Amino acid sequence: MFRNLLSWLPWRRHTVSPGESIDAANEPLRLEAVQREASVEVDAVLHCTEAATIAISKDLEHIVAEVQSFIAEIKTSLGALQNSGSGGSCVSATLTHQCTAVTGFLTELKLVALQQRQAAGQMLKTSRAVDEAARSVSQISIASRLLCMNTMIEAGRLGEAGEPMVVIADQMRSLSEQIDRSNKEIAASMGKLLPILQDIDDSSARIETRAGQFAGDFAVRARDVGVIADQLQTTATAALGGSDRKLEAILGCSHRAIESLQTQDIVSQRLKRVMRVLGAAGDPASGSGQAGITYLSETLSDVDARQLQAGEVQMF
Amino acid sequence: MSKIIIVDDSNTMRQQVRQALAPTGITLVEAVDGQDGLTKVKADPAIDIMILDVNMPRMNGIELAEALHKEGRIAKGLKIIMLTTEGHAELIQRAKAAGAKGWIVKPFKPEMLLATVKKVAV
């Protein structure tokens with residue numbers, strides 16, 4: 001872009017070979033040409049600057065919009081984290097509530113296991129007593145059958161007079177055999193029942209022990225979960241506040257950058273005018289019209305009067 | 001809802017104003033100098049706010065404000081906010097006499113322009 005301008009620069013054009021004469025008559029023409037070329041080049045530079053300023057400004061607007069959108073997404077996510085529990089409660093409260101519920105359940109489970117073990121122990125004790133009673137009944141039954149046999153022998157010796165005793169002894173033997181059969185069935189059932197009751201007792205003891213261990217471990221984890229939940233809550237709250245501050249800072253930077261772009265544009269406009277003034281000076285035939293815009297403040301006599309400064313606002 | 005015209009010979013400045021007012025959703029018309037601004041305001045009675053530069057080719061901002069004042073457009077409700085690099089008291093006084101509502105010196109803060117527009121819009 002500057003190549004043409006450089007080729008026109010006076011000191012380049014004034015470089016002459018030894019012995020070569022400088023044509024003084026052509027000097028004003030060359031100066032005018034340099035001014036025209038410089039004006040064209042500066043206009044081109046300013047045009048590019050303006051395009052760049054507008055592009056930067058649009059990019060800046062786009063960046064701010066993207067940041068605003070990103071922060072809005074973060075805030076939505078953090079908000080969801082803060083209100084993700086049932087009924088809109090926060091994560092921290094939900095986790096704490098869950099830990100309390102599990103601790104309560106474990107305490108209840110331990111109690112139920114203890115009660116079940118006590119009941120199983122009571123049943124074992126009762127079953128053993130029943131088994132003992134069945135053995136006693138069995139011994140009584142054996143003694144009864146021996147007594148019946150002796151009675152029948154004695155009745156046989158008595159002959160006809162002993163016949164009624166034979167009938168009674170026979171009925172007693174039959175009754176004793178029935179008692180013996182029932183007793184054996186009770187003993188068999190107790191034989192099956194006792195190991196089952198023992199298993200129930202053992203299982204209840206294991207459940208009680210395991211529930212106790214788990215409750216102990218869980219109490220430690222629940223404290224950790226509580227700490228994590230609180231940290232999560234604190235982090236989410238801090239991040240929400242932080243994102244607002246960051247957005248404010250980014251908007252502040254963006255606004256300052258926009259002001260800088262405006263300043264650059266103001267400088268460009270002034271430079272454009274300087275070039276027009278220079279152009280007009282180099283081309284007297286065109287008159288002051290080449291200067292383009294007349295800056296009104298330059299036409300005022302009282303330059304020291306009170307002036308509003310950049311960025312100031314006055315309402316009427 | 002207001003309809004605004006920005007009269008400024010700088011493309012960059014017109015774009016900055018457009019960006020600053022974008023959040024309001026206001027309709028914005030652009031004019032590249034005083035003469036263009038005068039033509040567009042005359043053609044569109046819906047324009048009720050004018051953001052006006054001072055130093056422009058063909059017709060400067062003070063002349064445009066005075067022309068609109070003379071034609072009675074300001075009396076009909078057109079509100080003018082001057083937006084310029086100038087801050088000279090005499091020029092401010094001329095704009096005020098022509099019916100302008102405010103004067104902002106460039107470079108402007110976007111939020112300040114927005115606040116000023118909202119203030120004159122009510």
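As a basis for the values below, the full set of heavy atoms in this structure was taken, side chains included, without hydrogen atoms, waters or symmetry mates. These numbers come from a predicted model, not from an experiment. All chains are named by letter (A, B, ...) in the order of the sequence lines, taking the proteins before the strands, and each is independently numbered beginning at 1.
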Q) Hey, are the side chains of B:Gln19 and B:Pro110 touching, using non-hydrogen atoms and a 4.5 Å cut-off? A) no

Q) Which atoms form the tightest heavy-atom contact between B:Asp8 and B:Arg14, and what is the distance? A) O-NH1, 2.7 Å

Q) Looking at B:Asn11, B:Leu83, B:Thr84, B:Ile81, which has the largest count of heavy-atom pairs under 4.5 Å with chain A? A) B:Asn11

**Q.** Full working for side-chain contact (heavy atoms from CB on, under 4.5 Å) between B:Glu66 and B:Arg94
**A.** CA-CA 8 Å; B:Glu66 286 169 346; B:Arg94 276 182 66 188; 3.3 Å; yes

**Q.** Closest non-hydrogen atom pair, B:Met82 against B:Ala100
**A.** CG-CB, 4.2 Å

Q: Could you tell me which portion of B:Asn60 (side chain, backbone, both or neither) has an atom closer than 4.5 angstrom to a non-hydrogen atom of chain A?
A: side chain

Q. Where on A:Lys272 is there a heavy atom nearer than 4.5 Å to chain B: the side chain, the backbone, both, or neither?
A. neither

Q) Does B:Ala89 offer a backbone N or O that forms a donor-acceptor pair with the side chain of B:Trp103 under 3.5 Å? A) no

(Q) Is B:Met56 in contact with chain A via its backbone, its side chain, both, or neither, using a 4.5 Å heavy-atom distance? (A) backbone

Q.
Using every non-hydrogen atom in the two residues, find where B:Asp33 and B:Asp36 come nearest and quote the distance to one decimal.
A. OD1-N, 2.8 Å

Q: Carefully, step by step, assess A:Lys75 and A:Asp244 under the rule salt bridge (charged side-chain N to carboxylate O under 4.0 Å, His left out).
A: CA-CA 9 Å; A:Lys75 285 174 86 169; A:Asp244 281 339; 2.7 Å; yes

Q. Where along residues 254-268 of chain A does a heavy atom come under 4.5 Å of chain B, listed by residue number?
A. A:His255, A:Ile258, A:Glu259, A:Leu261, A:Gln262, A:Thr263, A:Asp265, A:Ile266

Q: Identify the two heavy atoms, one from B:Asp44 and one from B:Lys3, that lie closest to each other, and give their separation to 0.1 Å.
A: OD2-NZ, 2.5 Å

Q: Tell me, out of B:Ile62, B:Val54, B:Ile92, who's got the most heavy-atom pairs with chain A below 4.5 Å.
A: B:Ile92

**Q.** Test log, rule salt bridge (charged side-chain N to carboxylate O under 4.0 Å, His left out), inputs B:Arg18 and B:Glu30
**A.** CA-CA 9 Å; B:Arg18 181 176 285 282; B:Glu30 292 184 21; 2.9 Å; yes

Q.
For a quick test of reading the model, state the closest non-hydrogen atom pair linking A:Leu251 to A:Gln68 and the distance between them.
A. CD2-NE2, 4.1 Å

(Q) Using heavy-atom distances under 4.5 Å, tell me whether B:Gln16 contacts chain A through its side chain, its backbone, both, or neither. (A) side chain

Q: Could you check if a side-chain atom of B:Val41 sits within less than 4.5 angstrom of a side-chain atom of B:Leu68, using non-hydrogen atoms only?
A: yes

Q | Heavy-atom side-chain proximity of B:Thr24 to B:Leu21 below 4.5 angstrom | A | yes

**Q.** For chain A, the option from B:Glu86, B:Lys106, B:Glu111 that forms the most heavy-atom pairs under 4.5 Å
**A.** B:Glu86

Q.
For a quick test of reading the model, state the closest non-hydrogen atom pair linking B:Lys42 to B:Glu71 and the distance between them.
A. CE-OE2, 2.8 Å

Q | Residues of residues 113-122 of chain B near chain A, each having a heavy atom less than 4.5 Å away | A | B:Thr116, B:Lys119, B:Val120

Q | Region of B:Thr12 that comes under 4.5 Å of a non-hydrogen atom in chain A | A | both

